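To find a chain, count down the sequence lines: A is the first, B the second, and so on, and within it residues start at 1. Because the structure is predicted, anything quoted here is derived from the model rather than measured.
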Amino acid sequence: MEYNFREVEKKWQAYWAKNKTFQTENNSSKPKYYVLDMFPYPSGAGLHVGHPLGYIASDIFARYKRLKGFNVLHPMGYDSFGLPAEQYAIQTGQHPRITTENNIARYREQLDKIGFSFDWDREVRTSDPHYYKWTQWIFIQLFNSWYNPETNKAEPITALINKFRSGSLTIEGGWGEVWDTLSEKQQSDILLNYRLAFLSDTMVNWCPQLGTVLANEEVKEGVSERGGYPVERKLMKQWSLRITAYADRLLADLDALDWTESIKEAQRNWIGKSEGTSLKFNIAPSQIGEGWGDVFIEVFTTRPDTIFGVSFVTLAPEHELVEKLTIPAQKKAVDEYIAFAKNRSERERMADVKKITGVFTGSYVIHPFTGKQVPIWIGDYVLAGYGTGAVMAVPGHDSRDYAFASHFGIEKHIIIQPPVEWDFAEKSYDEKEGKLINSDFLNGLEVKAAIKKIISVIEAKELGKGKTNFRLRDAVFGRQRYWGEPIPVYYENGIPKVLNENELPLLLPEVDKYLPTETGEPPLARASSTWKKDGKFEYEYSTMPGWAGSSWYFLRYMDAHNDKEFVSKEAASYWQNVDLYIGGAEHATGHLLYIRFWTKFLNDLGLIPVAEPAKKLINQGMIQGDSRFVYKFYFVLIEGVTCFMKEPYRWYVSSDIVNKYQKGNSSMTREQLLNLIVNKSEVFQKNKIKDRDFQEFKFQPIHVDVNCVDGINLNIEKIKTWNLNNEFANSEFIMETGNFTCESEVEKMSKSKWNVVSPDDIVEQHGADCLRLYEMFLGPLEQSKPWNTSGISGVSNFIRKLWRLYHQSPSPIGEGRGEVFYVSNESPTKPELKTLHKTIKKIAQDIENFSFNTSVSSFMICVNELTELKCSKREILESLAILMAPYAPHIAEELWNKLGHEETITFAAFPICYEEFLIESSFNYPISFNGKTRFFQEYDRALSKEEVEKEVLTLEQTQKYLEGKTPKKVIVVHNKIVNIVI
RNA sequence: GCCCAGUUGGCGGAAUUGGUAGACGCGCUGGUCUCAAACACCAGUGAGAAAUCGUGCCGGUUCGACUCCGGCACUGGGUACCA
């Protein structure tokens, strides 16, 4: 009987569920191993074949670790708060909870069919109140903490209050008061400057279409990552998290992580540490009016060595001194410019990065070393949020300053002699190489030495001091949306206060509509008037962003049902952190930074024993869609010619024909093309349309569902019933040969491009084991690749071949091969053992290296060889079943069962490779001449280098290639290669 | 612009430390089985008539380079004036 994957897979999935095979205990004598997948957002479209790629890889690894004797934690859950469900709710009125639950049910069904070894008893959903209670609880801890720069960690805010109270820390902001004499409001305002979760007026990314603010990571190229809506800068009172306090540690700890270099680089760039110095420029005395006091412009620069090259100073348009420094004559121009800069959206700014804009204030500063007057400009290439919002411009050695100076005709000074030829009329010299010139006391120094020297001078003269800046911004934490965790804050007399632990969770209230109120408040403001703290204080109306729940979920899996703590100390100390984390690289600077931040914070408070969430991270590549297009034929007939037909009627032309006409190889003329179409079309024939009747025509490629196409050949019957406004029902398909071919293109897999392939179809047709093996066989895990099912038959055949290996003759019972299960208890032969142990070695290596594609090949080779050897030895076949189990668990379980085992294969012992079976007595040396292999010669492995050399030179073939010459040199690498140099 | 990854037959890809380039699979070609087809099985398959040539291009190191070094091109991803 042939292998019946449908029956077998269903049977074992039911077995695993019933016996809770993958349920994991929090204590065990076995060593622990934690394998985690980035959990999915359950979208309405369901899983496509790209999703399971990482899940299959992690599942193989988890199953492998179980076979290796580890206590494996391998959970799954859902990141179930998010925009799509809410957008759907706005459109349909259906509560996002319902949509989300339906979507989760569908995801679960799809996941179950693939045979993953998840411990579903630990499932988490971020939108579940039992879960978000603890997300809120962590927020409260953030609110109640500050970052102590002395101990370099987060500490309770009460410690800070004590410092203020005792006077060991001065209260900043010119309060100069005794703490206890300050009002509650004043105290609250001061503390908000320290709390790790704080409320402040910040420039935020406001997305009007989504009606919410977005984090920097959620904005791509000036538009929202989800939906692609324009984003603008806006000053708003917002909850933020002080991630910048952790910038240094987030950067430094990257080095020790076993993550891909590209992700670490992305994080390093995002954090963007730059070391430089601050520097004061005094305002020229002539500018200073009455009552100005001690006014100066402070700039931040990483190139203090270029101080003598400064030819102007630029302020950001938002800089606080702009108004003061603008002279009356320039006021109009400056006001206009600031208005212009303000109204430019982020997208516009990015779109014309090259466009240089700015305006002169009319004022000057005094150069701190030369004493000369330096003009003050305003330019929006200077960002208010970075450094001090002011720069010293050195056009000769900074390309942005160069562009600005060139545009406005400001002088440029050359103060570094480039070590290479340089045309300063062309561009600035930005490199940190070369000797200083025209720079007074810095002359003759190399750049690096000059930087050192100037900083010491600046510090000695108290003009500024060494300073580090980060590109990383604090993370905006509030969203003006409904479907998220309520922020556990209420306002008492305008003072934000957090709830007590026993008041959690603060449940998401019911609302009549999921839209902002008429007054522009977030949807939570629609909650009933009784939704108030103690019936009187208003709650915060913002909810948390999508990344809140995912920033700590790896901890909840350790102790998913704990209603006393977010995770128990015992569970956290047993599981520590994730040993292997698999997910997409798109989370490089978002999720992966936040989860590290929260982990460090919880670690600082002593709540968990680790400071990093995941030791090893693997990024699976994206599976792209392979889209198919058909060419639609549009035409205009010349005047007077009419074509009668039932409306609507359409023509599609096979791509091979269109390409012959279009691809510029002129293998088909316009007449030939039209003739062909006219001849093949019944309608044109009936209406006696001729090629000359066409005034003009064109072909337009339109997407068709890839599921209606076999390779590139369109299934015409299928497409006619494909329900896209009945587009294809009443149509003619013009083709030359028997096949109607489509165009193809690799694009992102998306519903709108009709190139989505669901894993369900593959599982239905070929089985889960086949899907698992095929997704792995496709190529290296980390590489992106288009989905293409053309090779799936190879894997499908392999599974059948594997099955037959356990059923092959000599069977004492059945007649034909593959009829009856049969293994023999005889001792295996040497070649059989060699094949097995070679495979054990390879598979173990491959799994450890996450090279799953090559292990599938090895299995194929193994099965091919054993089939060839007609092997039916129990000793071999049992080991093979275990080897296969992580990859193709269903068939492995079935074979294991037939081999007579009552228990699941999950906890069998991974076979051990014995090298002695791999040793061969001889080696087939490749004999090469000048590095090119020409022939082979077999010698005993014990033969020495010298003996091999002697033997090779006597060979007839060697003489042939030597052509009578004496070899210059003969290299023999023992049991590797012989190379003869002529 | 900057950063990262990649470029190997018709296709997906393999080659573990510099040592047989193209494993394995798809596709294709021929054959066996069949009334026929599908399935299955067997054989062949980088190019070239051959000598030889071949891992994006140019150069280097080496007895020997897909692998190391220098330069360039292209593709994909990230980032966007961060002083």
Side-chain angles (χ1 to χ4, degrees), chain A residues 2 220-222 260-266 268-270 272-274 276 299-303 306 314 346 349-351 353-356 379-383 385-394 398-401 403-404 430 469-473 585-586 588-589 619 621-622 624 711 746 773-774 777-780 782-786 788-795 797-798 800-801 804 817-818 841-842 845-846 849 851 853-861 864 924-936 967-973 975-982:
Chain A
E2 278 287 282
K220 305 266 147 140
E221 291 172 16
T260 56
E261 208 42 50
S262 60
I263 292 280
K264 292 207 267 186
E265 264 310 298
R268 284 188 193 112
N269 293 337
W270 191 262
K273 182 176 184 170
S274 69
V299 302
F300 173 73
T301 178
T302 56
R303 294 295 303 275
T306 60
T314 316
E346 278 297 284
R349 268 184 71 160
M350 282 175 196
V353 160
K354 294 277 170 321
K355 196 171 149 193
I356 293 146
D380 72 352
Y381 79 98
V382 178
L383 305 178
Y386 185 79
T388 58
V391 302
M392 58 177 229
V394 186
D398 181 287
S399 48
R400 294 153 307 189
D401 298 338
F404 195 86
D430 296 10
N469 260 318
F470 292 94
R471 203 191 79 115
L472 185 72
R473 294 282 90 98
E586 67 273 18
T589 53
N619 300 113
M622 211 171 39
Q624 293 141 322
V746 171
L773 287 170
Y774 187 63
F777 191 53
L778 226 43
E782 301 181 65
Q783 224 164 279
S784 286
K785 54 232 152 192
N788 180 341
T789 49
S790 66
I792 204 161
S793 64
V795 173
N797 287 344
F798 160 73
R800 281 202 292 272
K801 225 168 153 179
R804 263 183 263 129
R817 291 175 140 232
K841 188 176 176 180
K842 183 81 170 82
Q845 267 172 5
D846 283 349
N849 294 324
S851 175
N853 53 328
T854 51
S855 16
V856 180
S857 302
S858 305
F859 284 130
M860 289 172 172
I861 294 167
N864 287 347
N924 201 14
Y925 277 92
I927 314 297
S928 57
F929 294 82
N930 292 336
K932 292 276 169 196
T933 307
R934 297 305 178 194
F935 63 93
F936 294 89
K968 280 186 194 145
K969 203 171 174 184
V970 180
I971 290 125
V972 180
V973 182
N975 293 330
K976 266 260 164 77
I977 198 168
V978 176
N979 189 20
I980 299 166
V981 187
I982 309 169

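A gap of 13 Å separates the P atoms of B/C39 and B/U29, to the nearest Å. When the C1' atom is compared between B/G46 and B/U55, the two are found 11 Å apart, to the nearest whole Å. Of the P atoms belonging to B/G70 and B/G18, the separation is 16 Å, rounded to the nearest Å.
A donor atom on one side chain and an acceptor atom on the other are not found under 3.5 Å apart for A/Lys969 and A/Asn979.
Remark: A/Phe859 pairs with A/Tyr887 by the ring pair (Phe, Tyr, Trp, His ring centres under 6.0 Å) rule, at least two apart or across chains. Judged as a side-chain contact (heavy atoms from CB on, under 4.5 Å), and not counting sequence neighbours, the contacts of A/Met622 are A/Gln624, A/Ser784.
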Could you list all N or O pairs between the protein and nucleotides 73-79 of chain B that sit under 3.5 Å apart?
{"residue": "B/U79", "atom": "OP1", "partner": "A/Lys220", "partner atom": "NZ", "Å": "2.9"}

Collect all protein-nucleotide pairs involving nucleotides 52-54 of chain B in which both atoms are nitrogen or oxygen and the distance is under 3.5 Å.
none

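Residue contacts for A/Val973: at a heavy-atom cut-off of 4.0 Å it reaches a base atom on one of the strands shown. At a threshold of 4.0 angstrom between heavy atoms, the contacts of A/Ser857 include nucleobase atoms, whether or not backbone atoms are also involved. Contacts of A/Asp401 with the nucleic acid, taken as non-hydrogen atoms under 4.0 Å apart, are absent. Among the atoms of the strands shown, only primed sugar atoms or phosphate atoms (P, OP1, OP2) are found under 4.0 Å from some heavy atom of A/Pro780. At the heavy-atom level, A/Asn853 lies under 4.0 Å from the strands shown only through sugar-phosphate atoms. In this structure, A/Ile861 reaches the sugar-phosphate backbone alone: every heavy-atom distance under 4.0 Å involves primed, P, OP1 or OP2 atoms, never a base.
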Subject >> Secondary-structure string, 5' to 3', Watson-Crick or G-U under 3.5 Å, | for another-strand partners, for RNA chain B >> reply: (((((((..(((......[....)))((((((.......))))))((....))..(((((..]....))))))))))))....
**OP:** Do nucleotides 66-71 of chain B as a string where each nucleotide becomes B, S or -: B if the base has a protein heavy atom under 4.0 Å, S if just the sugar-phosphate does, - if no protein is that close.
**Re:** ------
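What separates OH of A/Tyr381 from P of B/C81 is a distance of 13 Å, to the nearest Å.
Residue A/Arg800 places at least one side-chain N or O closer than 4.0 Å to OP1 or OP2 of B/A40.
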